2 protein chains.
Amino acid sequence: MNKSDKEITITDVARQAGVSMATVSRVVNGNNNVKETTRKKVMEVIDKLHYRPNAVARGLASKKSTTIGVILPSMTDLLYANLAKGIDDVASMYKYNIILTSLKNGIGSEQQLFNDLLAKQVDGIIYMGEDISNVLYKEMSNSRVPIVFAGAIDPDGEFASVNIDYVTAVRDVIKLLIDSGNQKIAMVTGNLDSPINSKYRLKGYQQALEQAGLKYSSANVFETVYNLTAGAAAWDAIHDSGATAAYVSNDLLAAGVLNAALDAGVRIPEDFELVTGSNTILCDVTRPQMTSIAQPLYDIGAVAMRMLTKLMNDENIQDKTIRLPYSLIKRGTTKN
Amino acid sequence: MNKSDKEITITDVARQAGVSMATVSRVVNGNNNVKETTRKKVMEVIDKLHYRPNAVARGLASKKSTTIGVILPSMTDLLYANLAKGIDDVASMYKYNIILTSLKNGIGSEQQLFNDLLAKQVDGIIYMGEDISNVLYKEMSNSRVPIVFAGAIDPDGEFASVNIDYVTAVRDVIKLLIDSGNQKIAMVTGNLDSPINSKYRLKGYQQALEQAGLKYSSANVFETVYNLTAGAAAWDAIHDSGATAAYVSNDLLAAGVLNAALDAGVRIPEDFELVTGSNTILCDVTRPQMTSIAQPLYDIGAVAMRMLTKLMNDENIQDKTIRLPYSLIKRGTTKN
DNA sequence: ATGAAAGCGCTAACAT
DNA sequence: ATGTTAGCGCTTTCAT
């Protein structure tokens, strides 16, 4: 165990233990076809030499890297951080390492990033994000690695995915807001071209209005980006629209809206009600605390990873699309 | 490009291009010793066949994985998420992939995790965290991979590290608080056995008191954990101690303290001043917004990664320990 | 239960 | 400028 030692290989162990490489390999991999005394002897040499199997060589020979790729839009978004945590825990439970790559705008395209992952021979990939470009989607379709979408919408339903039912979740939110007397409710979200917004959230929003006999107007739908200042910036327009409540799809964005409203002297929830969408810790940090759709973020990540292990193992999956239950957690930004 | 295609190897390309594997390898690796016409021909075949070099085989042959390991305490802590983002950006700039592993309590020890990284033949490692166990530290000392500590204290100064000057940063905070009239200032932080707390933050705290002629009392130092409820739980004790201000080392913890104070009807900053330590987005989310030490988190990560590339390249480093400048951002939780 | 030997796909001398 | 070849450290038939 000295810095100048060269790496110990399976050959060294075999020689010192007086057995063949094959036997050492069997011992290391828990193969039963090894006599107990042999196993013990080999183990002793392994300990003595501090032998550590080279995972790269192993990967080349076995064509399995015990590494998966995880693609996410941003490391600093608590939504994805929580999903990633679920993935990480289950991955390490099954002895997989994670190569984490975030979508960078600019340097290196999405496909580049995906191909890098494939070059590294990852055994599977988990994709997260509201959007997926057509190019990347096509690359994924043409590839042989198992892929699971976590908390992300697979527009064509081709891949396995783990989600909540965004349509009913948003419908529940809007219904809550309508029930407490709001007639004009804003919906504040990200890019309306994303399926998750256009095909799910917006649909839930519209369904709830329709069921209540309220008419839908695109003037009440605000498209922006997911950060604090965007929320603050959106507030004036929201307020001017005459809305008395808002569903905001992202917690950070919601915090921006909330604080701008508060700063403008609006009383929350008396004058304006607000519901957000991810139930990250931000909901507890703001004052008043934010009512939110409680997505089981950690579980979504964990279940997605578990699914991926099955796919990588060629086990068959009963349902390719798993919808986890959500709830609505009422806090201080709604009247109740 | 069909799912049933088998992988294209360098041999396939060589054969189809009518050259040797070595030449293909040269083309792929940008070696200049290739005639332009040959290069073109090879490139054409590569494109046609959608050849993608197998990074695992490459790693085995070249003994470089172009992968680094990143160890952090928690993926959902915005402090580390921001550091990781800096690391990630620079890593991808230099074509390195990141294997991200978080310290799990329980399953798999720290050493296990570290050894897994070594088994995967990572070219370097970045370590983050307030603490490091003696066992892991010793393992690291005995290993040959370059290691950089990012935003983490290397107790013995054996490894390269990137930091801010925690002593003076905290001293500045306390001085600010003293200057605005506080005589009794609480310090709220994590495990006091960690060097970063015992040897740095506490020292800065004590120095500032001393310079102002105030006496230090351990009764004003509160040891807890970094989460929201811990902050709320700590508030009563802090208040009871008679402190009129507090330096809290972690943003989430600080938010907990702040909100508990607010909920108790204390006016901030009139009745109680508060300064936190990481300047994450949480500082902007709370009302009032939190005054904070502005650590250049992203830069710390980026610089650490840049250092690591140098170490992996055997370039020599001028300073093993880099201290990045910090500032104090005054917001609403302090009087001025 | 164990060993011999042929790869896995690539890089890196070494020749030419 | 290009080719030949010997590994890199391991797994995996195939024998025995």
Side-chain angles (χ1 to χ4, degrees), chain A residues 5-43 45-46 49-67 95 115-116 118-123 144, chain B residues 5-43 45-46 49-67 95 115-116 118-123 144:
Chain A
D5 282 352
K6 63 182 290 299
E7 292 298 330
I8 305 298
T9 71
I10 197 172
T11 319
D12 301 324
V13 176
R15 193 181 328 110
Q16 286 226 22
V19 298
S20 71
M21 288 165 53
T23 299
V24 177
S25 178
R26 290 190 186 97
V27 170
V28 168
N29 293 296
N31 185 314
N32 280 323
N33 286 31
V34 182
K35 212 187 346 180
E36 188 49 33
T37 58
T38 314
R39 176 189 310 283
K40 257 190 63 185
K41 185 175 52 185
V42 171
M43 284 304 294
V45 176
I46 286 178
L49 262 38
H50 298 289
Y51 168 63
R52 181 196 305 120
N54 180 324
V56 172
R58 212 201 283 233
L60 184 59
S62 69
K63 306 195 153 296
K64 287 192 190 352
S65 62
T66 59
T67 301
K95 312 286 183 204
N115 276 295
D116 284 351
L118 296 185
K120 290 269 158 93
Q121 311 300 116
V122 294
D123 297 332
R144 224 181 346 284
Chain B
D5 283 351
K6 65 182 287 299
E7 292 298 330
I8 306 296
T9 72
I10 198 172
T11 319
D12 302 322
V13 177
R15 192 180 330 109
Q16 286 226 22
V19 298
S20 72
M21 287 165 55
T23 298
V24 177
S25 177
R26 289 190 187 99
V27 170
V28 168
N29 293 299
N31 185 314
N32 280 323
N33 285 32
V34 183
K35 210 185 350 177
E36 188 49 33
T37 58
T38 314
R39 176 189 308 282
K40 257 191 64 185
K41 185 175 53 185
V42 172
M43 284 304 295
V45 177
I46 286 179
L49 263 38
H50 299 289
Y51 169 63
R52 182 197 303 120
N54 180 323
V56 172
R58 208 198 283 232
L60 183 58
S62 69
K63 303 191 154 299
K64 287 192 190 352
S65 62
T66 59
T67 301
K95 311 287 182 203
N115 276 295
D116 284 351
L118 296 185
K120 290 267 158 95
Q121 311 300 118
V122 294
D123 297 331
R144 223 180 349 282

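A quick note: this is a predicted structure, and the numbers were derived from the prediction, not measured. Proteins come first, then strands; the chains are lettered A, B, ... in the order of their sequence lines, and each starts at number 1.
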Student: Can you name the nearest heavy-atom pair linking B/T66 to B/D123, along with the distance?
Tutor: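 Taking every non-hydrogen atom into account, N-OD2, 2.6 Å.
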
Student: When the distance from CG of A/L60 to P of D/dT11 is rounded to whole Å, what number comes out?
Tutor: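 From A/L60 CG to D/dT11 P: 11 Å.
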
Student: Can you measure A/N33 atom CG to D/dT12 atom C1' for me and round it to whole angstrom units?
Tutor: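 The distance from CG of A/N33 to C1' of D/dT12 comes to 13 Å, rounded to the nearest Å.
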
Student: How many Å lie between NZ on A/K64 and C1' on D/dT12, as a whole number?
Tutor: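 After rounding, the reported distance stands at 12 Å.
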
Student: In whole Å, what is the span from the CD atom of B/Q121 to the P atom of C/dC10?
Tutor: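 Nearest whole value for this atom pair: 18 Å.
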
Student: Between A/N31 (CG) and D/dT13 (C1'), how many Å, whole number?
Tutor: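 Whole-Å distance recorded here is 13 Å.
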
Student: Taking atom types as modelled, find out whether A/K120 and B/S65 have a side-chain donor-acceptor pair closer than 3.5 angstrom.
Tutor: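 No, no side-chain donor-acceptor contact under 3.5 Å.
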
Student: Whether A/K63 contacts D/dT12 is assessed here as follows: a side-chain N or O lying under 4.0 Å from the phosphate OP1 or OP2. Is that the case?
Tutor: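 Indeed not, no polar side-chain atom of A/K63 lies that close.
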
Student: Of the non-hydrogen atoms in A/L60 and B/V56, which two are nearest, and what is the gap between them?
Tutor: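 The pair with the smallest heavy-atom distance is N-CG1, 3.6 Å.
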
Student: Nearest nucleotide by nearest heavy atom, which residue falls closer to the 5' end of DNA chain D, A/A55 or B/T37?
Tutor: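 It is B/T37 whose nearest nucleotide is closer to the 5' end.
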
Student: Quick one: is D/dT2 close enough that its OP1 or OP2 comes under 4.0 Å of any side-chain N or O from B/T38?
Tutor: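 Yes, within the criterion.
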
Student: Measure the distance from CZ on A/R15 to C1' on D/dG9 and round it to the nearest whole Å.
Tutor: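 Distance, rounded to whole Å: 13 Å.
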
Student: Summarise how protein sits on nucleotides 11-16 of chain C as a single string, 5' to 3': B when a protein heavy atom is under 4.0 Å from the base, S for sugar-phosphate-only contact, - for no contact.
Tutor: BBB---

Student: Identify which nucleotide among C/dA4, D/dG9, D/dT2 has an atom closest to any side-chain atom of A/S20, counting heavy atoms from C-beta outward.
Tutor: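 Comparing C/dA4, D/dG9, D/dT2 against the side chain of A/S20, the answer is C/dA4.
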
Student: Rounded to whole Å, how long is the line connecting atom CZ of B/R52 with atom P of C/dG9?
Tutor: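 Going from CZ in B/R52 over to P in C/dG9 covers 13 Å.
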
Student: Give the minimum heavy-atom separation between A/R39 and A/N31, together with the two atoms involved.
Tutor: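 Heavy atoms of A/R39 and A/N31 come nearest at NH2-O, 3.3 Å.
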
